[in-house]
Amino acid sequence: MSTEITVTVNGTAHPASVEPRLLLAHFLRDVLNLTGTHVGCDTSQCGACTVHLNGEAVKSCTVFAVQADGAEVTTIEGLADGDSYTNVQQGFWDEHGLQCGFCTPGMIMTSEALLKQNPDPSEDEIRAGIAGNYCRCTGYQNIVNAIGAAAKAGS
Amino acid sequence: MAVATFGESVKRTEDPRLITGRGKYVDDVRLSGMAHIAFVRSQYGHARIKSIDTSAAVDSPGVIAVFTGADLQEELGGLPVGWMLPDLKQPAHPPLAFETVRYLGDAVAVVVADTAYQANDAAALVNVDYEILPAIVNAEDATKDGAPLLHEEAPNNIGFDWEVGGGDYGEAIKDPDVIVVKERIVNQRLIPNSMETRGVVADYDAGKGNITLYTSTQIPHLVKLLFSLVTGWPEQKVRVIAPDVGGGFGSKLYLYAEEVVAGIVARHVQRPVKWIESRSEAYVSTAHGRDHICDVEIAGKQDGEIVGIKVDLYANLGAYISTFAPLIPTYLFGLMLGGVYKMPNIECKVHGVFTNTTPVDAYRGAGRPEAAYLVERMVSRFAQEIGRDPIVVRRKNMLQAHKNGREVTTGVMYDSGDYKGNLNKALEIFDYRQFRADQRAARREGKLLGVGIAAYIEICGMAPSAVASSLGAGAGLWESSNVRLHPTGKATIYIGTSPHGQGHETTMAQLVSSELGIPVEDIEVLHGDTDMGQFGTGTFGSRSIAVGGAALFNSLQKVKAKTHRLASHLLEADPKFVTFNNGTFAVEDIADKTLSIQEVAGQAYAAANLPPGMEPGLEEVSFFDPQNFAWPNGTHLCVVEVDQDTGKVEVQRYVAVDDFGNVLNPMIVDGMTHGGVAQGIGQALSEAAVYTDDGQLLSGSLMDYALPSADMFPMMELDRTVSPSPSNPIGVKGAGEAGTIAASPAVMNAVIDAIAHLGVKHMDMPATSEKVWRAMQDAKEARRAERAAARSQRS
């Protein structure tokens with residue numbers, strides 16, 4: 001039993017035939033081979049799979065691929081233009097905002113959405129804004145610094 | 001990027017791929033014809049397998065094969081124990097259980113299917129008929145007569161009894177001036193939660209009979225060796241690749257059942273197979289940490305002098321002995337019970353106990369956080385008992401600074417440190433006197449503030465192999481490196497360590513760059529592929545730079561020696577007068593006689609004009625085995641506010657002063673400290689693995705296990721002292737675990753300090769709102785009862 005869908009991912013339309021139960025995270029990873037979106041849990045807690053769905057940050061393990069039919073999805077692979085990183089990506093590199101890198105794509109996608117909503121967040125706002133994304137390596141400190149640096153660079 | 005120096009915060013070379021989604025973790029490995037596997041796991045803590053019906057699973061769509069433990073029993077062997085203790089019980093540990101399941105999550109069958117969804121569907125259709133057996137999860141209760149027994153060969157579930165000590169504690173407390181303070185302290189079980197779960201892809205080459213395992217591990221070379229030993233697969237036909245690995249924290253430091261099963265199943269189905277652990281599965285199938293029940297007493301005098309500590313510990317092993325489990329609650333714990341203090345008398349007994357729980361092994365710090373927590377909690381507890389300031393008591397008992405070896409009561413030799421220096425520096429950053437004044441003022445306004453201190457030391461830089469072997473290590477613990485300069489003067493190095501977030505591609509390149517004057521971008525750092533280079537031990541125990549970096553340093557000295565000799569020959573100069581700086585060989589006092597290391601490398605391969613007896617090429621290997629461990633130490637201070645109405649604890653300030661010896665890349669070391677402290681705060685305030693009495697895991701997913709999030713922490717304030725370690729040629733100590741070791745006692749001491757005036761003396765972790773609130777109510781109630789009793793006595 002399959003359903004025909006078309007999802008526009010990082011600007012390219014992808015028609016596909018998918019099982020209705022297929023998660024968007026697995027559609028991106030296993031159908032489109034965009035493995036930058038990571039799956040870190042099975043209860044929508046960790047946020048490693050965060051992508052943008054029609055411009056909003058969502059946990060792609062909590063969206064069925066069929067729900068994204070006709071939608072625009074941006075993944076971590078869709079952010080940088082060649083070697084030209086976004087302010088958030090650059091901030092993560094400059095401020096040492098990642099260690100093992102597994103949470104990083106989701107953390108960056110959440111941060112991008114956070115700064116779009118609130119271009120000049122306070123430290124508390126940044127911490128609250130990423131509280132739905134877990135990182136086990138950094139203690140979040142340099143992630144907060146990275147987002148702060150990105151906000152500054154964007155102002 | 002230019003030539004880097006030792007001590008420079010070089011930005012990470014790993015990051016460009018990781019911030020753009022181009023990292024390659026195990027789940028990103030896609031091989032042609034790859035099938036997927038799912039495990040069928042026990043839903044019970046303890047049960048006998050009566051029968052397994054796989055027929056519905058076999059008929060399920062996409063299923064290629066289903067194997068039970070009985071099917072694969074002969075090929076799978078038993079999982080190994082990598083650390084021996086005297087009289088250690090080693091019950092057989094089948095990768096797939098075939099008679100009895102001994103913990104929730106014990107795997108009993110494996111399904112292979114075309115897709116992961118199909119494999120999971122079919123796994124749910126495997127029907128296992130169990131006879132449920134009584135279970136036991138508490139390590140102390142498990143040793144009592146009549147408790148459910150896990151393994152016939154381990155009466156009373158005791159896996160080992162072990163002891164260590166020094167001085168004579170019993171004699172010391174006979175002194176009538178000595179005050180003894182006793183507590184029962186539980187160091188709760190934790191679930192490591194690396195953000196990437198475990199996973200393995202097994203690729204069988206039927207033509208050659210080779211197996212390649214892509215696995216999320218900290219120890220690819222040891223996985224290769226152990227896989228070979230367990231399955232009988234010839235070692236030269238086993239290749240293990242650790243690709244990008246998403247954290248480990250000790251939990252990826254073992255040979256796991258799934259790695260063995262995947263390899264054997266790939267051979268059966270003649271297709272590559274992939275297994276990716278789900279998070280909820282990880283909660284039961286990946287080793288847990290800590291889980292100590294400890295009766296502890298500390299003894300000292302009214303003037304603050306501490307005369308000793310006595311520990312009687314029940315350490316929960318879980319259902320089987322995981323690879324390094326015997327090491328963790330013994331040597332890595334018991335040897336550290338003196339802390340940074342003179343502590344002249346130490347008596348420590350440890351009982352390793354089997355229970356119907358997931359096996360327990362190393363988790364960030366591994367034994368040392370448990371020891372530091374006991375020591376630091378009890379030193380503060382003692383100070384409270386005698387009515388003295390915890391900092392005054394610490395200062396009175398601290399070891400003097402030393403630069404080259406100090407033997408302590410447990411018999412080990414601390415390498416170097418200035419323990420009071422750490423304390424002083426922390427107090428400079430944190431105005432203690434002012435805080436105490438603020439604390440009193442705040443209390444008058446109904447605000448409960450507390451400060452906690454933890455002064456720690458840890459045994460790192462694993463390890464001198466001969467010492468480790470004499471203590472039970474099943475393998476050498478040296479480290480290795482290979483440095484190859486190409487004819488163009490660019491370099492490829494292969495390191496034996498296996499980074500999973502530590503940034504070795506950066507720091508090792510930095511070391512090469514600083515020694516040889518080659519730009520960082522001209523250096524490729526390879527790791528984690530057993531076919532690419534020499535054997536290595538891996539990354540754990542804060543050892544990678546202290547041992548692996550030292551091995552690399554030694555290879556670089558060999559490269560320098562050879563290029564220096566060749567350059568002198570080519571420059572037609574006496575080597576005595578040939579200098580080497582920033583990648584350039586020059587002849588003293590002759591301005592135009594120079595050669596770059598790149599030119600010399602080219603000449604080494606051209607081999608047209610080599611000195612007599614010199615072999616062509618430029619490649620060197622070193623294996624470094626230190627003479628002593630390395631001993632990071634420091635002082636951490638934490639301020640918390642406790643909400644008196646709800647018991648909620650908020651960390652307001654965190655100051656850490658650490659002595660990691662020389663620091664190669666301060667940015668990376670600071671980052672590791674932040675993460676370590678966060679994990680320690682997590683243990684102190686929110687994390688706990690909780691089992692029901694019959695072995696169900698209540699905290700069985702990220703919904704139920706309180707992993708710390710960004711809003712739990714203040715900005716940490718870090719500083720350092722530097723006592724170079726004499727244990728290795730670059731003077732480094734290791735920084736991966738320190739934060740975790742110091743943070744939980746610092747936080748708990750702060751929590752107790754905030755509510756000590758109510759009469760609270762101790763509370764076990766995690767200090768959740770409920771627990772803190774109850775402790776405050778109980779203390780208040782006790783006070784009221786005391787006052788009432790006093791009144792009734794007077795009347």
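Chain A is the first sequence line, chain B the second, and so forth, proteins listed ahead of strands; every chain is numbered from 1. Bear in mind that the values here come from a model prediction, so they are computed numbers and not experimental data.
At a 4.5 Å heavy-atom cutoff, the contact between V245(B) and chain A is made by backbone atoms alone. For A80(A), the part lying under 4.5 angstrom from a heavy atom of chain B is the side chain only. With a 4.5 Å cut-off on non-hydrogen atoms, T104(A) touches chain B through its side chain but not through its backbone. Only the side chain of E123(A) comes within contact range of chain B, with at least one heavy atom under 4.5 Å from a heavy atom of that chain. For chain A, the nearby parts of I668(B) are the backbone and the side chain; heavy atoms of each come within less than 4.5 Å. D670(B) does not touch chain A: none of its heavy atoms, backbone or side chain, sits under 4.5 Å away. Y117(B) touches chain A through backbone and side chain together, each having a heavy atom under 4.5 Å away. Using a 4.5 Å cut-off between heavy atoms, D30(A) contacts chain B through both its backbone and its side chain. With a 4.5 angstrom heavy-atom cutoff, L79(A) does not touch chain B via any of its atoms. Using a 4.5 Å cut-off between heavy atoms, L34(A) makes no contact with chain B at all. For a residue to count as touching a neighbouring chain, one of its non-hydrogen atoms must lie under 4.5 Å from one of that chain's; by this rule M672(B) touches chain A with backbone and side chain alike. For a residue to count as touching a neighbouring chain, one of its non-hydrogen atoms must lie under 4.5 Å from one of that chain's; by this rule P714(B) touches chain A with the backbone only.
Of the options T20(B), D15(B), L18(B), a side-chain contact (heavy atoms from CB on, under 4.5 Å) to Q89(A) is made by T20(B) and by none of the others.
Heavy-atom pairs under 4.5 Å with chain A peak, among G23(B), G501(B), G21(B), at G501(B). Per-residue heavy-atom pair counts under 4.5 Å with chain A were compared for G246(B), P499(B), A282(B), G739(B), and the maximum is reached by G246(B). Contact count against chain A (heavy-atom pairs under 4.5 Å) is highest for P192(B) among P192(B), S9(B), G676(B). When each of G248(B), A116(B), S280(B), A678(B) is checked for heavy-atom pairs under 4.5 Å with chain A, S280(B) comes out on top. If you tally non-hydrogen atom pairs under 4.5 Å between each of G503(B), G682(B), G671(B), S194(B) and chain A, the highest count goes to G671(B).
A donor-acceptor pair is defined here as one N or O able to donate and one able to accept, closer than 3.5 Å; no such pair exists between the side chain of R279(B) and the backbone of D42(A). Not one N or O on the side chain of R136(A) forms a donor-acceptor pair closer than 3.5 Å with the backbone of M195(B).
Between F249(B) and C137(A), some side-chain heavy-atom pair lies under the 4.5 Å cut-off. At a threshold of 4.5 Å between non-hydrogen side-chain atoms, the residues V144(A) and M715(B) count as touching. Counting heavy atoms from C-beta outward, I76(A) and R22(B) have side chains that stay 4.5 Å or more apart.
In this structure, NE2 on H38(A) lies 11.5 Å from OG1 on T197(B), to the nearest 0.5 angstrom. In this structure, CD on E14(B) lies 10.5 Å from CD on Q99(A), to the nearest 0.5 angstrom.
Looking at H674(B) and Y140(A), their side chains never bring a donor and an acceptor atom within 3.5 Å of each other.
Nearest approach of T43(A) to M703(B), heavy atoms of both residues: CB-CG, 3.5 Å. Shortest non-hydrogen contact noted between Q45(A) and L702(B) is CG-O, 3.6 Å. Nearest heavy-atom pair across R29(A) and D27(B) is NH2-O, 2.9 Å. Shown here for G247(B) and C100(A), the closest heavy-atom pair between the two residues is N-CB, 3.3 Å. Taking every heavy atom of both residues into account, S709(B) and A131(A) meet most closely at CB-O, 3.6 Å. Y85(A) and P16(B) make their closest contact through OH-CB, 3.3 Å (heavy atoms, listed as atom of the first residue, atom of the second, distance).
Around atom CG of N33(A), more than 12 heavy atoms belonging to other residues, nucleotides or ligands sit under 6.0 Å away.
A salt bridge does not link R12(B) with D94(A): every distance from a Lys NZ or Arg NE/NH1/NH2 to an Asp or Glu carboxylate oxygen is 4.0 Å or more. The existence of a salt bridge linking R17(B) and E77(A) is excluded, since no basic side-chain nitrogen approaches an acidic carboxylate oxygen closer than 4.0 Å.
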- Message: side chain to side chain contact (heavy atoms under 4.5 Å, CB included) for F713(B) and Q141(A)? Distances and angles first, verdict last.
- Response: CA-CA 8 Å; F713(B) 304 107; Q141(A) 181 141 329; over 6 Å; no
